Protein chains: 2
Amino acid sequence: MEKYYPVLDRCAMFQGIGKESVLAMLKCMGAKVLSYNQGETIFAEGDLAEDIGIVLSGSAQIVKIDYFGNRSIMANVVEGEIFGESFACSGVDTLPVNVIATKNCQIMIINALRIISTCSNACEFHRQIIFNLLKVVATKNLVFNQKIEVTSKRSTREKLMTYLLIQAKNAGSNEFTIPFDRQELADYLEVDRSGLSAEISKLRKEGVLECEKGRFVLNSK
Amino acid sequence: MEKYYPVLDRCAMFQGIGKESVLAMLKCMGAKVLSYNQGETIFAEGDLAEDIGIVLSGSAQIVKIDYFGNRSIMANVVEGEIFGESFACSGVDTLPVNVIATKNCQIMIINALRIISTCSNACEFHRQIIFNLLKVVATKNLVFNQKIEVTSKRSTREKLMTYLLIQAKNAGSNEFTIPFDRQELADYLEVDRSGLSAEISKLRKEGVLECEKGRFVLNSK
DNA sequence: CTCCTTTTGTTGAAATTTCAACATACATCA
DNA sequence: TGATGTATGTTGAAATTTCAACAAAAGGAG
């Protein structure tokens, strides 16, 4: 497990805990590491919501597919980030979403009960982990809040601009890269892909932005 | 504080803690109770995100108002439910939303730090409270997930039906009451009010549902 | 009961989105 | 390099939503 530590060190769940303790706790919690190829399903809707996942490398998306096959992308998770924790901690029995690898990736899987219940070995940092977990879950809430802020806008143009402005703010620059291709961006914004492409073209002609693939530049005008 | 205990006893944050302990902890955490009239702002966007609120009576809505004044209703909270906890626990400094009283209400306000940090009095149930808080925050996540599921639908009709089906499921009956008037329902579904009214009329004529004010009946057909 | 205000329903026009279909660019692999 | 498949951009038509304006119904205050 030691080779994964550099990532775990940046993971919100292990903040404030030293290397030795983290490694000891992983053992204590029965953490395991699995590999997935791009496109593979890591967690499927309907699976028991008992595990949390930590992205050690690669990336994944939290995706909901409705009755008619329409895809809605809830969030994107990258190296060092966690998924599944909200479902596991809420006490719901099965997952209402899918988690799909968007690149080849390594995922650390930990049973949530092993985190939540104090282990008999009385790991001294157990308390810290739970605090961290609370913060992680609360922060995930903000991510959803932000998605709702974006998708609550009524037009494709407004949704797109709201999303891009948030990305620029996060990047601290008006030049940034998004983790989505056009279809994925459309599925995150909950709009039609062709309409989105058309809107991007229009904004480009108006000089509001420049882009190629996932790289965007917002012109302050 | 004792008179509020019947509500607190049903509040997710105090599960598994006895009456005496709850009352002791309230004191320990410096809980206070404030009253608000319908329409008053309980928390405003931009306020420091340091308090959590518990609805003792009445109800409130978590609301986001955008730059153009468009209202988006994030959630409705009723007696025994908690709000503000996600923001306080995530470490964000200011609130990105407003909380507005939708009925005259009494709200218990507790500083989140007093919950999160172990008190010097070493309340024995402090640990339990933090677990409960984790579950509350995780559950709030599900609420947002559900809102996204509803609003990700592309048509007013689908949004409405998705919402109503969830309500029916929650109520365990195809007859139920929703906490929104038409304008509020539109602001929750993120659609135009008049379009929503029109859609409801249509569904009524088609025999899919019956309703008067907030009371709906879904006909299974 | 009447007046006044708020909520809900209705409607048609304008704006927007979705949908389908296709063109083009890009990438991969043999 | 050519061939194939995927991603992106473009377009026009159909469907839907928003918007504005008004009518009808419901609720409250005096």
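Here the structure is a predicted model, which means the values were calculated and not measured. In what follows, every chain begins at residue 1, and chains take the letters A, B, ... in the order their sequences are listed.
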Shortest non-hydrogen separation from B/Pro6 to B/Lys3 and the atoms involved =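 Scanning both residues completely, I find the closest heavy atoms to be CD-O, 3.4 Å.
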
Boundaries of the DNA chain D segment in contact with chain A, non-hydrogen, under 4.0 Å |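 Listing 5' to 3', DNA chain D meets chain A from D/dT8 to D/dT18.
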
How close or far is atom P of C/dT8 from atom NZ of B/Lys213, stated in whole angstroms?
->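 Roughly 7 Å, once rounded to whole Å.
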
CG of B/Leu185 versus P of C/dT8: gap in Å, rounded?
->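 Taking atom P of C/dT8 as the reference, CG of B/Leu185 is at 10 Å.
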
Among A/Lys147, A/Arg154, A/Lys153, the one residue meeting salt bridge (Lys or Arg N to Asp or Glu O under 4.0 Å) with A/Glu190 =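 The single option meeting the salt bridge (Lys or Arg N to Asp or Glu O under 4.0 Å) with A/Glu190 is A/Lys147.
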
For A/Glu212, does the CD atom have more than 12 heavy-atom neighbours from other residues, nucleotides or ligands under 6.0 Å away?
->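 Count not over threshold, so no.
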
State which residues pass ring pair (Phe, Tyr, Trp, His ring centres under 6.0 Å) with [X]; sequence neighbours excluded, sorted by chain then number.
X: B/Phe14; result: none
X: A/Tyr188; result: A/Tyr163, A/Phe180
X: A/Phe87; result: none

Do A/Glu210 and A/Arg204 sit within salt-bridge range, that is, some charged N less than 4.0 Å from a carboxylate O?
->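 Here A/Glu210 does not pair with A/Arg204 in a salt bridge, since their nearest N and O are not under 4.0 Å apart.
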
Tell me, please, which residues at least two apart from B/Ser35 pass side chain to side chain contact (heavy atoms under 4.5 Å, CB included).
->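 Expected list: B/Gln106.
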
Where at least one partner belongs to residues 90-104 of chain A, residue pairs that pass salt bridge (charged side-chain N to carboxylate O under 4.0 Å, His left out), sequence neighbours excluded =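 Checked against salt bridge (charged side-chain N to carboxylate O under 4.0 Å, His left out) - neighbours excluded - no pair reaches residues 90-104 of chain A.
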
Sequence neighbours left out, what pairs pass salt bridge (charged side-chain N to carboxylate O under 4.0 Å, His left out) with at least one residue falling in residues 29-45 of chain B?
->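 Residue pairs with at least one partner in residues 29-45 of chain B: B/Glu45-B/Lys64.
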
Describe, as an angle rounded to 10 degrees, how the axis at the first end of the helix from C/dC1-D/dG30 to C/dA30-D/dT1 is tilted relative to the axis at the last end, five pairs per end.
->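 For the helix from C/dC1-D/dG30 to C/dA30-D/dT1, the axes at opposite ends meet at about 50°.
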
With A/Glu79 via salt bridge (charged side-chain N to carboxylate O under 4.0 Å, His left out) - residues at least two apart =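 Applying salt bridge (charged side-chain N to carboxylate O under 4.0 Å, His left out) to A/Glu79 gives A/Arg10.
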
Residues in salt bridge (charged side-chain N to carboxylate O under 4.0 Å, His left out) with A/Asp187, at least two apart?
->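 Result, salt bridge (charged side-chain N to carboxylate O under 4.0 Å, His left out) vs A/Asp187: A/Arg71.
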
Residues of residues 149-163 of chain B with any non-hydrogen atom less than 4.0 angstrom from an atom of DNA chain D: list those, numerically ordered, please.
->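 Contacts with DNA chain D under 4.0 Å: B/Ser155, B/Thr156.
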
Residues within residues 189-204 of chain B bordering DNA chain C, heavy-atom distance below 4.0 Å |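 Residues of residues 189-204 of chain B under 4.0 Å from DNA chain C: B/Arg193, B/Ser194, B/Ser197, B/Ser201, B/Arg204.
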
Pairwise side-chain contact, B/Thr139 with A/Val92, heavy-atom cut-off 4.5 Å (strictly under) =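 They are not in side-chain contact.
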
